[in-house]
Amino acid sequence: MFVVQIWAQDPVTIHLTDKEGLPDYEIYDVLEDSNGYIWIAANKGLFRYDGKVYTLFSHPQKRGLSVFGLLQDSKGRIWCNNISGQFFYIYNEKMSLFVDLKDQINGKLSEFKILHNELIALTENGIYKQSIDAKSGNFFKDEEVASVYYHSPFFFNNQFYFIHANNVRKLNDTKISDGLPINFQGKAINKFCYLNVNGKILCVYNDVSSHVLEYKNNKYLSVNLKELTDKNINKLLNIDNEIWICTASGVYIYQIIKDDLVFKRSFLENEVVTNVLKDKNQNYWIATLQNGIFVIPNINILKLNDLNDLKITDLERINSQFILFGTFDGKLGWIDTHNFKTQLFELPSNSKVTKLLFDEVRNVVYVSQDKAGHVWDLKKRKLYNFSQIFAAKTLSIQKNNLLYGTYNNAQMINLPTNHNLSSEKIHQLSKPSYSSTNIQYAFQDLRKKRSYTSAFNDDSFYMGYVDGLFKQEKANLTEIKFQNHSIFSVDLVIDYDKNAWISTFEDGLLKIEKGNKIQNYSIKNGLLSNYLGKLKVDQDKIWIATDNGLQLFDMQTQKFQNLLKSDGLETYDFVDIEITNENVIIASKKGVYLLDKKYCFKEYKTPDVFITSVEVNNEKIANKKKLVLDYDSNSLKIAFNVTGFQKEAFINYQYRLHSNDNWQTLDNGLNFVKYNSLPSGDYSFEVRAINKNSVASKSQTISIEINSPFWQKWWFYLVLSLITVAISWFLFYYNSLKKQQKQEQIVKQAKSERELLFSQLENLRSQMNPHFIFNALNSIQEYIMSNEKDMASTYLVKFSRLIRLYLNQSRNQEVLLKDEVEALKLYLELEKDRFEDTLNYSIDIESNLLHKTIFVPSLFIQPYVENAIKHGLLHKVNDRKLSVQFKQSDAKLICIIDDNGVGRKEAENYKKGRVEQHNSFATTANQKRVVLLNRMRKNKISVAIIDKVNSNNEALGTQVIIEIPFDNESSNH
């Protein structure tokens with residue numbers, strides 16, 4: 001055995017690189033503007049990101065590619081500069097050169113701010129100020145200090161401060177004076193950062209290393225933050241009243257607790273971080289100098305990195321501090337949620353840990369593995385053999401009863417009242433030593449069925465088996481059904497009101513109340529999917545794992561909250577869920593995650609939608625609020641967009657063409673509407689965005705007027721009407737002559753066609769009988785070859801009776817319904833024998849039908865029944881069911897053939913898998929026969945084949961509906 005101690009957790013990050021379209025790896029600054037665009041200052045230029053596309057902004061007079069210092073002014077303009085002394089702003093989708101200070105910069109990057117509609121830039125010649133509305137500006141020099149090094153501007157109390165020759169100075173309009181009383185102790189300052197967080201003032205300055213100062217008692221005093229020792233600090237930020245420090249070794253976050261700075265966490269310690277941005281949808285953008293941008297979708301979802309290589313199979317809570325876990329390779333460990341240290345040790349068997357269960361009465365853990373079972377005494381630190389619970393699918397405990405379910409059985413194990421293991425409460429976990437003592441208890445078998453999940457509910461318990469969900473109350477075992485079909489459960493929990501909650505494979509979430517009343521939750525009322533996984537009760541809420549995300553259901557408000565990949569989840573392949581007082585622990589195929597229950601759900605703001613382009617007849621035109629188009633310019637494509645990272649995950653677009661129409665929702669990811677041919681008229685096209693919480697943005701509107709063509713004028717209709725009347729009269733006269741000429745020919749042909757059809761039907765029926773005889777003889781041969789003589793004899797007797805019936809009927813085109821039914825019953829008896837009683841069939845006939853003289857085409861029904869058996873039920877392993885029903889509706893005989901087979905699509909797959917593919921003769925022949933019969937019948941025979949599927953589009957079988965109108969003219973007795 002061995003023990004490993006590991007501790008590390010980082011937020012889940014999405015790394016934006018050139019693979020995701022990021023144009024550059026060297027990022028100097030990031031900014032979110034008031035419209036939600038992300039602006040990126042990089043070595044290769046200035047880029048704007050709308051959540052999908054990076055747009056480059058440049059200027060013909062721009063020297064070099066790199067830009068720095070992103071700012072947005074009060075009018076929405078985006079500002080930046082370059083190392084050549086040029087200052088630019090972007091407005092109305094265009095980059096403009098504001099001022100060029102190349103002669104005052106001397107190749108050094110100028111730092112600047114925008115204050116009161118003025119640009120204030122630091123240069124070697126002093127401070128340059130220029131009103132944004134003016135064409136030129138002025139320089140102001142600090143005459144009291146002999147230095148050309150002006151740098152590190154910042155605002156404090158709406159005043160402009162800067163560093164000049166290792167002094168903090170202040171610019172007030174045109175006058176430069178002393179600033180803040182900070183003593184740098186004669187050190188050469190090359191960078192200074194200043195921050196005010198709720199009245200707590202911090203500043204950082206760099207010489208050869210970084211120093212942190214705190215303003216306290218009217219003095220700036222040095223603060224020792226050991227985590228920042230020897231770290232080069234680039235920037236101080238106030239994000240949600242926490243101090244974020246960007247360094248050359250990652251990001252460090254501090255909280256202000258009372259009057260002290262308390263280290264919270266750090267991450268990306270291998271990255272040179274230049275800036276951090278929190279956007280309006282609570283995504284954190286971390287710009288790095290060498291590795292692109294990291295986006296943290298949710299700062300409150302952490303990944304326990306050092307557990308990534310472990311394939312965790314089960315979680316079990318000991319108390320609010322300790323969470324146990326088992327692994328695929330036979331290891332057992334725990335997470336200490338107070339310090340997130342993890343300890344791990346090997347079990348005697350390296351087989352998969354299938355189930356863990358904590359017995360809080362006895363303070364032991366039941367450990368089930370594929371090939372072993374154990375009891376871990378937490379107090380004595382002993383691990384005992386308990387092979388009785390190996391390969392458990394489910395374990396549940398109540399008092400002295402241990403419910404154990406495995407792949408082929410379910411048992412109730414009787415635990416002794418006076419257990420020999422310790423019952424003292426556990427406050428610390430330690431690695432156990434192995435004892436060869438084997439524990440064995442009395443038990444009772446419950447059902448010899450594969451079981452999946454279980455839970456006690458007072459004196460009763462639920463157990464999910466392979467064939468359904470059952471409730472055991474004392475000696476009574478009852479199957480719980482939903483809408484008259486069995487419930488196939490994935491997980492099962494009991495809430496504090498003693499209601500049972502069941503996650504299912506296809507029926508969503510079921511709540512079973514007292515009296516076995518069932519309430520269903522599905523995608524129709526809030527679930528992300530009807531295919532669910534693990535459940536975990538958390539006071540009056542339930543955590544639900546689905547294949548489309550993680551949900552929290554409030555049992556009081558009946559509302560769902562959702563966590564998706566856009567919220568910070570890396571996967572939906574959840575293994576297990578456990579909860580503590582403050583956190584949710586999730587094990588998945590991609591690792592273990594820690595969720596802050598209070599803050600992990602993000603509130604998305606619906607972004608404003610804007611129209612990006614309009615195309616008429618596949619050609620782009622200028623965006624206008626009103627379009628007036630000719631009748632032949634009526635093919636329109638209107639594209640639109642919103643800003644925001646991973647916006648497709650949380651918004652959809654809705655549109656309508658008239659203000660009183662209902663809103664139509666586009667499929668997720670679509671951002672345009674196309675009208676191929678709009679009729680003439682007036683329209684008001686509207687589009688809006690709606691987020692996953694159904695909150696809609698303001699709509700954008702385009703008025704559209706399409707003029708009418710000349711042929712829609714009144715005079716054109718008049719002329720057209722006169723021409724139509726003349727042509728109609730001529731055609732009527734011409735057709736009358738043609739009909740007279742064809743009438744005699746039609747009469748002559750009718751007799752010959754009727755004789756031909758009878759001949760074709762006779763030949764076709766003679767083909768169908770040998771086809772069935774071949775199949776039946778083949779079955780008899782199989783019984784003989786397998787030495788089943790009695791079965792062969794019985795089958796041969798029945799077969800001979802059936803052949804006799806067929807020979808009697810073969811002389812007639814039609815036979816009595818009762819004779820057809822008698823032959824059908826005999827045929828199904830033969831098929832049931834051949835399937836060795838695994839075929840269940842029924843023939844239902846309305847009682848009055850057998851007493852009527854009703855004729856049907858001979859041997860017409862049997863081929864469809866044969867097709868249902870050979871292609872639908874043959875490939876089904878068990879529970880083969882076939883029903884044939886005859887009833888009368890109006891003047892029709894209705895025959896319904898229904899099976900629960902694999903369906904036509906799956907049958908076709910089996911057919912393709914055969915070496916020799918065989919087309920069904922019965923089906924092909926009957927299709928031809930229906931066509932020939934209908935040529936002679938006034939009232940036509942119809943055959944409809946219906947593929948039965950469930951809500952998930954999974955095949956449930958096939959139904960054939962045959963309608964034969966009563967038509968005595970076609971009888972031939």
Side-chain angles (χ1 to χ4, degrees), residues 280-282 297-301 317 320 455 457 462 482-483 487 489-504 506-569 572 574 576-586 593-606 649-652 654 663 665 689-697 951:
K280 61 184 178 182
N281 283 319
Q282 303 172 57
N298 197 326
I299 198 68
N300 296 300
I301 297 180
R317 172 187 162 125
S320 62
N457 194 358
Y462 295 90
F482 173 62
Q483 295 180 349
I487 297 171
S489 57
V490 179
D491 200 9
L492 173 64
V493 294
I494 307 297
D495 67 21
Y496 293 98
D497 291 328
K498 304 301 181 182
N499 300 308
W501 295 81
I502 298 96
S503 61
T504 70
E506 59 183 25
D507 292 324
L509 182 66
L510 301 178
K511 176 186 178 183
I512 303 178
E513 302 174 351
K514 294 179 181 179
N516 293 337
K517 178 183 177 182
I518 297 180
Q519 186 174 353
N520 177 232
Y521 299 87
S522 67
I523 57 175
K524 295 180 180 179
N525 48 13
L527 275 180
L528 294 172
S529 170
N530 287 335
Y531 182 88
L532 306 184
K534 290 290 183 177
L535 303 176
K536 190 61 63 174
V537 174
D538 188 2
Q539 296 181 359
D540 59 349
K541 299 178 176 63
I542 297 181
W543 293 88
I544 307 167
T546 83
D547 62 349
N548 286 331
L550 183 68
Q551 294 187 275
L552 180 63
F553 177 65
D554 190 318
M555 290 181 273
Q556 301 298 323
T557 64
Q558 297 286 293
K559 292 183 178 179
F560 291 91
Q561 289 178 282
N562 305 325
L563 281 176
L564 310 176
K565 289 181 179 178
S566 59
D567 300 304
L569 294 179
Y572 299 149
F574 305 113
D576 206 356
I577 303 172
E578 272 299 350
I579 60 173
T580 66
N581 294 340
E582 297 178 351
N583 300 308
V584 178
I585 311 291
I586 298 177
Y593 302 88
L594 179 73
L595 281 61
D596 187 316
K597 291 197 294 187
K598 186 176 181 181
Y599 299 108
C600 64
F601 292 100
K602 297 167 62 174
E603 291 185 8
Y604 285 94
K605 297 181 180 179
T606 305
F650 66 92
I651 68 104
N652 287 88
Q654 293 183 329
W663 290 98
T665 301
I690 185 166
N691 69 12
K692 65 180 184 180
N693 296 321
S694 300
V695 178
S697 68
S951 59

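Atom set for the values below is all heavy atoms of this structure, side chains included, hydrogens, waters and symmetry mates excluded.
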Quick check against the 3.5 Å criterion: does [X] have a side-chain atom that pairs as donor or acceptor with the backbone of [Y]?
| X | Y | value |
| --- | --- | --- |
| Asn520 | Gly508 | no |
| Asn548 | Leu528 | yes |
| Lys602 | Gly568 | no |
| Tyr462 | Trp501 | no |

TODO: Please tell me if the side chains of Leu532 and Ile544 come closer than 4.5 Å, counting only heavy atoms from C-beta onward.
DONE: yes

- [ ] Please list, chain by chain and in numerical order, all residues satisfying side-chain contact (heavy atoms from CB on, under 4.5 Å) with Asn652, sequence neighbours excluded.
- [x] Thr665, Asn668, Ile690

TODO: With rounding to the nearest 0.5 Å, note down the distance linking CG in Asp497 to NZ in Lys511.
DONE: 7.5 Å

Task: Spacing of Leu569 atom CG and Phe574 atom CZ [to the nearest 0.5 Å] - done: 5.0 Å

Open item on the list: Just to verify, what does Lys534 make a salt bridge (Lys or Arg N to Asp or Glu O under 4.0 Å) with, not counting sequence neighbours?
Closed with: none

- [ ] Return the set of residues passing salt bridge (Lys or Arg N to Asp or Glu O under 4.0 Å) with Asp538 (not counting sequence neighbours), or none when no residue passes.
- [x] Lys597

- [ ] Using the six-membered ring wherever Trp is involved, compare the ring planes of Phe601 and Trp543 and label them parallel, tilted or perpendicular (cut-offs 30° and 60°).
- [x] parallel

Task: Carboxylate-amine/guanidinium contact Glu582 Lys598, below 4.0 Å - done: no

